[in-house]
Amino acid sequence: MVFGRSKSSSSATPSAPSKAAAACSELRAAYHECFNRWYADKFAKGLFQKDDCADHWHKYRACLEEHLEDKHLRQILLDAETSAFYARPEADPPSGQGATK
Amino acid sequence: MVVYAQEHVYLHPWDRVTAAVWRKFTDPASRTALSHVADVHTLHRRLDSDTGRLHAARSITVRSPPLPFILRRLLPSAAASPNGAALCHCVETSLVDAQRRAMDVVVRNVSLRGLIEVEERASYRPHPDRPDEWTQFRQETTIRCRPLAALAAVAEKVETRCAERFLQNSAKGREVVERICRYLEAESAGAAPSAV
């Protein structure tokens, strides 16, 4: 409640969507729609032999590869296929605090 | 270091709850409740069709709580923001085992790791008392500030503030999952005769 400060439009913060979000939003929406349906109707009910959304995923991923800017996220996108770390959430973090100095 | 553990029982079956968890950040109706989430992308997915295991990694970009002035000066994105909030990237890795009916989700921040490390581990399992009807949710959140000597006092404040925000958001996340579960329940009730 400090007076004298013009706090005119603090809620007008732009949501700053990334370029990737803008460029890939349609492909992302199509993938999500496919995934949500496949997960609920098939995978979660034990029908996991077929991946119905692979095509949607490949298109969306190709778009991200082109437009994703953040270097951390890019690295994960590019490395994930081969990275055991990101593919195994139950594993301990690679450099835990228990490491000796 | 701060550690919080939470538990919750969803009165919905495991397949419905985990379907709702996937939709949590992308459901248009959840935008207001989860307004701190700025952007979500799937960065990786892999289905092992022999074992029924699904791996996925998603980026979740969140707005941090407004940061203390001294930290804003260190963070270009926060300095540029009118209210001193920074955009932080987190990565959520999920493993779902359809045969065992087990879902495990880990969220870690990838931004600001020099200052703070947040890790949220959640698990969704069929409830032992009613495995086909209820779902047991467990979550443990660990928040650890890096000991930047000069900033230690400030870091402690950030740790507390982040912890408060995380707990608020966890509660909101549960409400959103509950709401999507009710929606999916209604949908499946309405569409049941024509399903498959």
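Every chain is numbered from 1, with letters handed out A, B, ... down the list of sequences.
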Straight-line distance of A/H32 NE2 to B/T26 OG1, nearest 0.5 Å
5.0 Å
Any chance you could measure B/L54, atom CG, to A/W38, atom CH2, to the nearest 0.5 Å?
5.0 Å
Would you say [atom1] of [X] has more than 12 non-hydrogen atoms from neighbouring residues, nucleotides or ligands within 6.0 angstrom?
X: B/K172; atom1: NZ; answer: yes
X: A/E33; atom1: CD; answer: no
X: B/E133; atom1: CD; answer: yes

Would you check if the side chain of A/R28 reaches a backbone N or O of B/V40 as a donor-acceptor pair within less than 3.5 Å?
yes
Show your working on side-chain contact (heavy atoms from CB on, under 4.5 Å) between A/L64 and B/H41 and close with a plain yes or no.
CA-CA 9 Å; A/L64 285 179; B/H41 277 295; 3.4 Å; yes
Region of [X] in contact with chain B, defined by heavy-atom distances below 4.5 Å:
X: A/K50; result: backbone
X: A/D41; result: neither
X: A/Y39; result: side chain

With heavy-atom distances below 4.5 Å as the criterion, would you say the side chains of [X] and [Y] are in contact?
X: A/W57; Y: B/T42; result: yes
X: A/I76; Y: B/H44; result: no
X: A/Y31; Y: B/R45; result: yes

Compare every heavy atom of A/K45 with every heavy atom of B/D15, then report the nearest pair and how far apart it is.
OD2-NZ, 3.4 Å
Can you give me the closest heavy-atom contact between B/D50 and A/F48, atom names plus distance?
O-CE1, 4.0 Å
Transitive ILVMFWY side-chain link B/I180 to B/W134, under 4.5 Å
no
Could you walk me through whether B/L43 and A/L68 pass the side-chain contact (heavy atoms from CB on, under 4.5 Å) test, one step at a time?
CA-CA 10 Å; B/L43 300 179; A/L68 199 62; 3.8 Å; yes
